[in-house]
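Atom set for the values below is all heavy atoms of this structure, side chains included, hydrogens, waters and symmetry mates excluded.
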Amino acid sequence: MSNTPAVSVQSLGFSYNNNSALRDVSFEVDRSDIFGLLGPNGGGKTTLFRILSTLLPPEKGTAAVFGADVRAQPISVRRNIGVVFQGQSLDRHLTATENLEHQGHLYGLRGADLRSRIDALFDRLDLADRKNDVVDTLSGGLRQRVELAKGLLHAPKLLLLDEPSTGLDPAARLQFWEHLRTLRDHDNVTILLTTHLLEEADKCCSLGVLDRGTLVAVGTPVELKNRIGGETVSLVGENPEAIVKELSDRLGVQPQIVDGSVRFEHPQGSQLIARLMENPQEQIQSVTVSKPTLEDVFIRTTGRSFTDDESG
C-alpha cells in the first residue's frame, strides 16, 4: 500500500551479553524522506542499522521495511534496500566498473542491462571519467560515491547509510549530500542514515536522537530545536557552582553545569545576561548567547553534552 511507511519500528529491543543496546525503540520513516539517526558512538545506531539491513534479528518488538518484516520476510526486505556500510566494501585492487559488475552479478544482472545501469549511475554520481580507475587510486570522496553506486545498482526503494560522511573532507561531504538529495527528489528513494556529526544531522529532513539505546527525541531538526525555544546561554568562570547560585538567586533561572560551563535556556537569555553583567557577584570569564542547536537538544534530553558522551 502506498501509505505504508518506508520503515516502521515498534518497541524494538536488543542486547549483547545482557547489556541493552536498544530499549523499546519506536519510530516511522515516511517514503521519500531523509531520516537521520543521531547519537554518540555506542548509542545504538549501528545495532539498529544491522537489524534494518537484516543482519541481526530483533530480540523484542518488530521492524518492517515497506511492510515486510525483517525477521519473517528478510528476502523481501533485501530486495528493497541498498546498504552502504561504514567500513568500505570495495575491492581496492579492482576498477570502479569491475566492483559494480561483481555486485550486479550477485543480483542476477548481466549483459547490456548491467552495463546500462552502471553507466547511468556513474553519470549520475559524476564518476564517468573515473569508471576505469583502480579504486585504490581514488580519493575518499570518490570511493564513497562508488560505494553509493554499488548500493543503488539494483534500484532499491530504501537506502541505508551507516556513518556515510566518516573520513570525508568538507567539500566531499557537501557533494555527497547533493547526490543524496537528488536521489530523494528525482528518484523517490527513501534514505535512512546514522551519524554522530551534528552538522550532518541538521541536513536531514527528519531526525531521531538515540542515547544509550533509547530514542529520546524524534522530529525535524527545526522542530527539535524549537522545543527548547528562546536562547541558550553558556557561562564560563572559575567557580561554576557559585555562578549557578547567583543565576538562581538573582535571575530565578535553574542552570546546569555541563563540561565545566554553566548553561541555561530562556526566551530572553541575552536580556537576563545584560542584567547580570551590570553587577556580577562572581568572576565570569566568558558568556555565549546563541539560538538552540542539536547539541542543546541532546543536553536537554540527556543532561550531558554530546562530546562528553562520545569521549565516554
Handout entry: Chi angles and distances behind the side-chain hydrogen bond (donor to acceptor under 3.5 Å, both in side chains) call for Thr293, Asp296
Key = CA-CA 5 Å; Thr293 66; Asp296 296 318; 3.2 Å; yes

Exercise for the section: Would you sort out whether Asp33 and Thr190 count as a side-chain hydrogen bond (donor to acceptor under 3.5 Å, both in side chains), showing the intermediate values? Expected result: CA-CA 5 Å; Asp33 194 2; Thr190 305; over 6 Å; no

Exercise for the section: Could you check Lys245 against Glu282 for salt bridge (charged side-chain N to carboxylate O under 4.0 Å, His left out), going step by step and ending with a plain yes or no? Expected result: CA-CA 10 Å; Lys245 186 176 186 307; Glu282 298 296 333; over 6 Å; no

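Gly230 approaches Lys291 most closely through the heavy-atom pair O-CD, 3.9 Å. Closest of all the heavy-atom pairs between Ser305 and Glu295 is CB-OE2, 3.5 Å. Nearest heavy-atom pair, Tyr107 versus Arg78, reported as atom, atom and distance to 0.1 Å: OH-O, 4.5 Å. Looking at every heavy atom in both residues, Glu200 comes nearest to Thr194 through OE1-O, 4.4 Å. Here the shortest heavy-atom pairing between Lys150 and Gln103 reads CE-OE1, 3.1 Å.
For the atom pair CG (Leu161) and OG1 (Thr195), the distance works out to 10.5 Å, reported to the nearest 0.5 Å. Rounding to the nearest 0.5 Å places CG of Leu48 at 4.5 Å from CZ of Phe27.
Under a 3.5 Å cut-off, the side chain of Asp69 and the backbone N or O of Arg71 do form a donor-acceptor pair. Proximity of a side-chain donor or acceptor of Glu265 to a complementary backbone N or O of Ile228 within less than 3.5 Å is not detected. Remark: side-chain polar atoms of Gln285 are not paired, donor with acceptor, to backbone N or O of Gln283 under 3.5 angstrom. The backbone N or O of Ser11 lies less than 3.5 Å from a partner atom in the side chain of Ser26, making a donor-acceptor pair. Between the side chain of Asn19 and the backbone N or O of Ser15, no donor-acceptor pair lies under 3.5 Å. Here the side chain of Ser116 pairs no donor or acceptor atom with the backbone of Ala112 at under 3.5 angstrom. Counting only distance, with no hydrogens or angles, the side chain of Gln144 and the backbone of Ser165 share no donor-acceptor pair below 3.5 Å.
Side-chain atoms of Thr302 and Asp211 form no donor-acceptor pair, as typed in the model, at a separation below 3.5 Å.
Atom CZ of Arg79 has 12 or fewer heavy atoms from other residues, nucleotides or ligands within 6.0 Å. More than 12 heavy atoms of other residues, nucleotides or ligands shown are found within 6.0 angstrom of NZ on Lys157.
No single ILVMFWY cluster, assembled from side-chain heavy atoms under 4.5 Å apart, contains both Phe35 and Leu159. Under the 4.5 Å side-chain heavy-atom criterion for grouping Ile, Leu, Val, Met, Phe, Trp and Tyr, Val134 is not connected to Leu90 through any hydrophobic cluster. Criterion: ILVMFWY side-chain heavy atoms under 4.5 Å apart, direct or through other members. Under it, Leu37 and Leu12 are part of a common hydrophobic cluster.
Annotation: salt bridge (charged side-chain N to carboxylate O under 4.0 Å, His left out) contacts of Asp169 (sequence neighbours excluded): none. The side-chain contact (heavy atoms from CB on, under 4.5 Å) check on Asp129 picks up nothing, with sequence neighbours excluded.
Taking Ile, Leu, Val, Met, Phe, Trp and Tyr as members and joining any whose side-chain heavy atoms lie under 4.5 Å apart, directly or through other members, the hydrophobic cluster of Phe264 also contains Val233, Leu235, Ile243, Val244, Leu247, Leu251, Val253, Ile257, Val262, Leu272, Ile273, Leu276, Met277, Ile284, Val287, Val289.
Checked for salt-bridge contact, Asp119 and Lys131 meet the test: a charged N lies under 4.0 Å from a carboxylate O. Using a cut-off of 4.0 Å between Lys/Arg side-chain N and Asp/Glu carboxylate O, Arg181 and Asp185 are scored as not salt-bridged.
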